[in-house]
Colleague: 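Sharing a structure, written as structure tokens. Questions coming.
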Amino acid sequence: MHAVPNEARIALCCIACAIHRHRHRRCHTACGHHKAPAEQFPRRYHYERSNHTQPARQLGGLAIIPAVLLALWIFGPAASLDWQFLASSSAAALILWVTGFFDDRHHLPESVRLIAQFLAAGIAVYGLGSEFRLLPDLLPFAVERLLLAFALVYFINLTNFMDGLDLMVVSGLGIPLALAAVLAAIGLVASGTGVLAACLAGGLLGFALFNRPKALVFLGDSGSLPIGLLSGLAFFLVARDLSIAAGLLLPLFFIADATSTLFMRLAARENILAAHSKHAYQIAKRSGWSVWQIVTCVGALNFILGICAFLTFDGGLVAAGAICAGLLGVTFLLSRFRSAGRRTL
């Protein structure tokens, strides 16, 4: 009975922290304080990977990540998140936060970024504890751990790839995370899972006030990399608590857009490390869809995916139907986005 107000308080706390930190930084910039360091952050212009037409600071992550981690340490212990998980996930997120900070300023080599990501993923997976298993009857412990680390690195990168439009991360990840918190509130997943999801969703919702069109602040790598890691951990926990299908359904749009784009580029023998604008949502934007049309469609789809995830709790035919419905919904929206590009050719 007390789960709903607790999850709401956590999210509101993160929203307030994120708003305060964003306003504090904007106020200092406007007043001329710390102007020199701020000028060292590049403004993101209209280039191959971005769909933004106006310059903006990549400062969002500098405000969101400290707020999320602070809230996680405040509320996590009471929700049975142990010290190993809190310390490991925080250390991993901070590694990516610092790496992203320098990458936003100096464009680090890909090798440095990947080393930092694998290091962070390894630490985060260690923090899950030896009792955390998803496929104990199918995979040996060491193999499952290795696959979890690779999956986490992939989720870190796909979050970074998908952060190319105003409110896209808020709509594409914030809503699924908020729905994961709702699943905790109704008792389908553990309270610790709900706390992690609520902290992230609250931070993203606070960020949304500054990232709405036309955005003046973007996440930058200092935001998208650690948010990808922590979100991946949240969906791992949903997969453990509810079902693997639920853990995949909640972020399925992000996974499907990034993965389908990767395979399409591989088939075309393109350099997959080069900047591009071939994600489905990017094609829709450059074909005339407005930002609000795109993020509204993605948000509506994510609510449907949340219902599908909920329906997997009891298994059986209902769960199978929910999985099929989720796959069809994602396929339909991706097709709509990509067909918009074909109609403009």
Side-chain angles (χ1 to χ4, degrees), residues 3-4 6-7 10-11 79-81 85 89 124-125 128-129 131-139 144 147-148 150-152 154-156 158-159 162 169 171-202 204 227-259 298-334:
V4 174
N6 284 343
E7 302 296 338
I10 293 167
S80 301
L81 288 178
F85 178 84
S89 59
V125 169
L128 292 171
E131 296 182 357
F132 181 94
R133 297 300 305 272
L134 291 180
L135 298 168
D137 299 327
L138 184 62
L139 297 174
E144 182 176 290
L147 291 176
L148 286 174
F150 273 97
L152 205 49
Y154 186 62
F155 204 85
I156 290 167
L158 74 84
T159 303
M162 296 295 287
V169 175
S171 179
L173 270 188
I175 291 175
L177 288 164
L179 294 172
V182 171
L183 292 176
I186 61 178
L188 288 181
V189 302
S191 60
T193 304
V195 165
L196 176 58
C199 289
L200 288 163
L204 286 172
I227 286 173
L229 177 131
L230 294 172
S231 298
L233 289 175
F235 297 127
F236 284 173
L237 295 176
V238 170
R240 178 201 63 185
D241 297 339
L242 183 54
S243 68
I244 293 177
L248 290 170
L249 280 168
L250 286 172
L252 186 58
F253 174 78
F254 260 32
I255 295 172
D257 191 339
T259 305
V298 172
L301 173 63
N302 280 329
F303 276 107
I304 294 172
L305 292 174
I307 295 172
C308 293
F310 166 78
L311 293 174
T312 66
F313 77 95
D314 203 24
L317 291 177
V318 173
I323 294 169
C324 291
L327 290 172
L328 288 173
V330 170
T331 302
F332 173 77
L333 186 58
L334 289 178

Colleague: Please identify each residue that fulfils side-chain contact (heavy atoms from CB on, under 4.5 Å) with Phe150, with sequence neighbours left out.
Modeller: Phe118, Leu146
Colleague: Would you compute the distance between atom CG of Leu237 and atom CG of Leu233 and round it to the nearest 0.5 angstrom?
Modeller: 6.5 Å
Colleague: Of all the heavy-atom pairs spanning Ala124 and Leu152, show the shortest one and how long it is.
Modeller: CB-CD2, 3.8 Å
Colleague: What distance separates Leu230 CG from Leu200 CG, expressed to the nearest 0.5 Å?
Modeller: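 The CG atom of Leu200 is 5.5 Å from CG of Leu230, to the nearest 0.5 Å.
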Colleague: Would you please name every residue forming a ring-ring contact (aromatic ring centres under 6.0 Å, His included) with Phe235, sequence neighbours left out?
Modeller: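 With neighbours one apart ignored, the set is Phe155.
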Colleague: List the residues meeting side chain to side chain donor-acceptor pair (under 3.5 Å) with Thr259, not counting sequence neighbours, and say none if there are none.
Modeller: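 Thr259: side chain to side chain donor-acceptor pair (under 3.5 Å) contacts with Tyr154.
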Colleague: Please, which pairs that meet side chain to side chain donor-acceptor pair (under 3.5 Å) have at least one residue in residues 174-184, sequence neighbours excluded?
Modeller: none
Colleague: Can you tell me how far apart CG (Leu147) and CG (Leu134) are? Round to the nearest 0.5 Å.
Modeller: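 It is 10.5 Å, given to the nearest 0.5 Å.
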Colleague: On a heavy-atom basis, which atom in Ala197 and which in Ala181 lie closest, and how many Å separate them?
Modeller: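 Shortest heavy-atom contact: CB-N, 3.9 Å.
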Colleague: Can you give me the closest heavy-atom contact between Gly299 and Ile175, atom names plus distance?
Modeller: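 Heavy-atom minimum between the residues: CA-CD1, 3.5 Å.
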Colleague: Taking only residues two or more places apart in sequence or in another chain, which ones pass side chain to side chain donor-acceptor pair (under 3.5 Å) with Ser89?
Modeller: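 With sequence neighbours excluded, Ser89 shows a side chain to side chain donor-acceptor pair (under 3.5 Å) to no residue whatsoever.
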Colleague: List the atom of Ala201, the atom of Ala178, and the distance in Å for their closest heavy-atom pair.
Modeller: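 In this case the closest contact between Ala201 and Ala178 is CB-N, 3.7 Å.
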Colleague: For residues 315-331, run the donor-acceptor check on the side chains, cut-off 3.5 Å, and write out each pair with its distance to 0.1 Å, sequence neighbours left out.
Modeller:
unit_1: Thr331; atom_1: OG1; unit_2: Leu327; atom_2: O; d: 2.8

Colleague: For Arg240 and Arg133, which heavy atoms make the closest approach, and how far apart are they?
Modeller: CG-O, 4.3 Å
Colleague: How many angstroms lie between atom CG of Leu81 and atom SG of Cys199, to the nearest 0.5 angstrom?
Modeller: 8.5 Å
Colleague: To the nearest 0.5 Å, tell me how far Thr193 OG1 sits from Leu188 CG.
Modeller: 11.5 Å
Colleague: Please name all residues satisfying side chain to side chain donor-acceptor pair (under 3.5 Å) with Asn302, sequence neighbours left out, ordered by chain then number.
Modeller: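 In terms of side chain to side chain donor-acceptor pair (under 3.5 Å), with neighbours along the sequence ignored, Asn302 is linked to no residue.
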Colleague: Give a yes or no answer on whether the side chain of Ser191 reaches the backbone of Ala79 with a donor-acceptor pair at less than 3.5 Å.
Modeller: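 Yes.
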Colleague: May I have the list of side-chain donor-acceptor pairs in residues 303-313 shorter than 3.5 Å, sequence neighbours left out?
Modeller:
unit_1: Thr312; atom_1: OG1; unit_2: Ser243; atom_2: OG; d: 2.9
unit_1: Thr312; atom_1: OG1; unit_2: Ala309; atom_2: O; d: 2.6

Colleague: Hey, which of Ile156, Leu177, Leu173 is the one that makes side chain to side chain contact (heavy atoms under 4.5 Å, CB included) with Ile227?
Modeller: Leu173
Colleague: Supply the atom-to-atom distance Phe236 CZ to Leu128 CG, rounded to the nearest 0.5 angstrom.
Modeller: 7.5 Å
Colleague: For Ser171, what residues pass the side chain to side chain donor-acceptor pair (under 3.5 Å) criterion, not counting sequence neighbours?
Modeller: none
Colleague: Taking all non-hydrogen atoms of both residues into account, name the closest pair between Asp257 and Met162 and its distance.
Modeller: OD2-CE, 3.5 Å
Colleague: Side-chain atoms of residues 244-255: list all donor-acceptor pairs with protein atoms under 3.5 Å, sequence neighbours left out, distances to 0.1 Å.
Modeller:
none

